[in-house]
Undergrad: 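First, the structure itself, so that you have it in front of you.
Here is how names work: the chains are called A, B, and so on, in the same order as the sequence lines, proteins then strands, and each is numbered from 1. Below, each value reflects all heavy atoms present in this structure, side chains not excepted, and no hydrogens, waters or symmetry copies. If you're wondering where the values come from, they're calculated on a predicted model, not measured in any experiment.
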There are 2 protein chains.
Amino acid sequence: MGTKGEQCRQRIIAAADTLFYEQGFNHTSFSDIADAAGIARGNFYYHFKTKDEILQGVIEKRLEDFRAMLAYWDETISDPRKRLRRYIQILTRQQQDIEHYGCPIGTLCNELAKLQHAQLNDANQMFEIFRQWLEAQFRQLGRGRQARHLALHLLAWAQGVATITNAYSDPAFLRREAKQITAWLDGL
Amino acid sequence: MGTKGEQCRQRIIAAADTLFYEQGFNHTSFSDIADAAGIARGNFYYHFKTKDEILQGVIEKRLEDFRAMLAYWDETISDPRKRLRRYIQILTRQQQDIEHYGCPIGTLCNELAKLQHAQLNDANQMFEIFRQWLEAQFRQLGRGRQARHLALHLLAWAQGVATITNAYSDPAFLRREAKQITAWLDGL
DNA sequence: GTCTATATCGAGATAGAC
DNA sequence: GTCTATCTCGATATAGAC
C-alpha cells in the first residue's frame, strides 16, 4: 500500500470520524464523507468496500487514539487520584461538543444497538479501554475489590451527564456535575 | 374525525412508538410502521402528511402516558420517598428493554440532537415531566433549595445506567446500580 | 377512509476511463 | 490511485381508484 493511498485513507477515516460523531453513523452518507475529505465518491471503494468497513476504520482509529491518550497520562501523571481528575476534565474540556452531540462513545453504541449492528461489540471496546484504565487507578488507590464496579459507576455517571447536557443543551449542569464527581473522587 | 380513522391513527402511533424505540427514528421506514400497524403504506398520508408529524404524535402520546403514570403514582403512593423508589423500579422492571434498546427518552433525544432536528425541544419535554415530578418529591423531603439539582442528578444517573447497560448488554450492572441509587435516596 | 400504483429522490455500490 | 458516469434499490411522498 503506497504512501499516497494511505494518506487518502487516513483523510477518509478522519472525516468519517467527525461526521459519525456530529450526524450519527446512519445519517452520514458517502457523499458527506467524500465532500469533507475532499475526494470523489467513487474513490472510496478503492479504500473501503462497504460503509461498515469505514465504521471499522473509525472505531480502530478511536481505540488507538484513546490508548495513546491514556498511555500519555500514565507517563505524565504519577498520582492515580490526579489521573482520575484528568479523566473528569474531558467533560469540561469537551463541554461544547457534548452539548451539541453528546458522548462520542455512548451515542455510537446506542445507535449501533438499535441498528442491531454486528459491530456494537467492537464499539463497546471504546468503553472497555476506559473501564480497564479507571479500574487500574482505583486499584492503586487501594480499592482492589470494588475497583471494577467503581470504574463502571464512574463511566455511567459521565455518560448520564453527557446525555442530559446534550438533551437540555445545558453546559451549567455539566460543570456542576463535574465538580460533584471530583468531590466524590476526593472522598474515596 | 370519525371513530374508525381515529383508531387507525392510534394504531399507527402505537406501532411507530415501539419501532422508534427499538430501531431508532431515522432507521424506521414507513413500510416498517405500515406492516406493524397492519395498514397500507398509502393510508398513512390521510393521517400524517410527513414523517415528522408521526414523530410529533409519538412524542405527544409518550408525554400523555408519562403524565398519567406519575399522576397515578401521586394518587396511590403517599410517601415521597416511596415514590422515588418507584421511579427507580422503572430500571429493574424495564431491564430487558433497556439492555436491548437503552432508555426510550435518552436515546431519542440523542438521535434528534445529531439530526439537528427541530423537535428535540419537544422530545426533551419527556425529561422535563420527570424532572419536575422528581423535584416535587425532593421538595417534600425538605430539600427545597437543592430539589432541582437533585432531580437532574437522579435523571442523569438513571441515563448513565441505561447507556452502560445497553452498550455492554449487562443487566447485572443495572441491578447493582439500582440498589445503589435506592441506598442514596434512603440516605438523603 | 383505505387501498393500489406510481413518481421522485438520494442512498450505497460498481464499471471503466485516465 | 483517482476520477466520472452509472446501476440498483429502498426511502418518502403523491395520485387517483374504490
Undergrad: Residues from residues 12-22 of chain B sitting under 4.0 Å of DNA chain C, heavy atoms only?
TA: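 Result for residues 12-22 of chain B: none.
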
Undergrad: For Glu128(A), give me all partners under salt bridge (Lys or Arg N to Asp or Glu O under 4.0 Å), at least two apart in sequence or on another chain.
TA: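 Residues passing salt bridge (Lys or Arg N to Asp or Glu O under 4.0 Å) with Glu128(A): Arg131(A).
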
Undergrad: Test of understanding: with salt bridge (Lys or Arg N to Asp or Glu O under 4.0 Å), list the residues that count as partners of Glu22(B), not counting sequence neighbours.
TA: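 With neighbours one apart ignored, the set is empty.
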
Undergrad: Heavy atoms within less than 4.0 Å of DNA chain D: which residues of residues 54-62 of chain B have one? Give them sorted by number.
TA: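 Listed by number, there are none.
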
Undergrad: Who are the side-chain contact (heavy atoms from CB on, under 4.5 Å) partners of Ala172(A), not counting sequence neighbours?
TA: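 With neighbours one apart ignored, the set is Asp170(A), Arg175(A).
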
Undergrad: Hey, what do you get for CG (Leu150(A)) to CG (Leu155(A)), rounding to the nearest 0.5 Å?
TA: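 Result: 12.0 Å between the selected atoms.
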
Undergrad: Between Tyr46(B) and dG1(C), is there a side-chain N or O to OP1/OP2 distance below 4.0 Å?
TA: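 Yes, such a contact exists.
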
Undergrad: Nearest 0.5 Å, please: how far is CD in Glu64(A) from CZ in Arg67(A)?
TA: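 CD of Glu64(A) is found 7.5 Å from CZ of Arg67(A).
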
Undergrad: Taking atom CG of Asp97(B) and atom OG1 of Thr165(B), what is their separation to the nearest 0.5 Å?
TA: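 Between atom CG of Asp97(B) and atom OG1 of Thr165(B) there are 12.5 Å.
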
Undergrad: Donor-acceptor pairs are to be reported for all side-chain atoms of residues 35-44 of chain A against protein atoms at under 3.5 Å, with residues two or more places apart or in another chain.
TA:
none

Undergrad: Begin from the C-alpha positions of Phe48(B) and Phe30(B) and carry the test ring-ring contact (aromatic ring centres under 6.0 Å, His included) through to its verdict.
TA: CA-CA 11 Å; Phe48(B) 305 93; Phe30(B) 278 40; 9.0 Å; no

Undergrad: Once Watson-Crick and G-U wobble pairs under 3.5 Å are found, how is DNA chain C written in dot-bracket notation, 5' to 3', with | for any base paired to another strand?
TA: ||||||||||||||||||

Undergrad: Could you pull out all residues at least two apart from Phe173(A) that satisfy ring pair (Phe, Tyr, Trp, His ring centres under 6.0 Å)?
TA: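 Phe173(A) satisfies ring pair (Phe, Tyr, Trp, His ring centres under 6.0 Å) with no residue once adjacent residues are dropped.
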
Undergrad: In the 5'-to-3' direction, what one-character label does each nucleotide of nucleotides 3-18 of chain D receive under the scheme B = base within less than 4.0 Å of a protein heavy atom, S = sugar-phosphate only, - = no such atom?
TA: BB------SSBB----

Undergrad: Got a sec, which residues hit side chain to side chain donor-acceptor pair (under 3.5 Å) with His149(A), two or more places apart in sequence or on another chain?
TA: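 Checked His149(A) against side chain to side chain donor-acceptor pair (under 3.5 Å); matches are Arg176(B).
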
Undergrad: Quick one: list whatever passes salt bridge (Lys or Arg N to Asp or Glu O under 4.0 Å) with Lys61(B), sequence neighbours left out.
TA: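 Partners of Lys61(B) by the salt bridge (Lys or Arg N to Asp or Glu O under 4.0 Å) criterion, ordered by chain and then number, come out as Asp17(B), Asp65(B).
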
Undergrad: Using the salt bridge (Lys or Arg N to Asp or Glu O under 4.0 Å) criterion, which residues pair with Asp52(B)? Sequence neighbours excluded.
TA: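 For Asp52(B), no residue satisfies salt bridge (Lys or Arg N to Asp or Glu O under 4.0 Å) once neighbours in sequence are set aside.
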
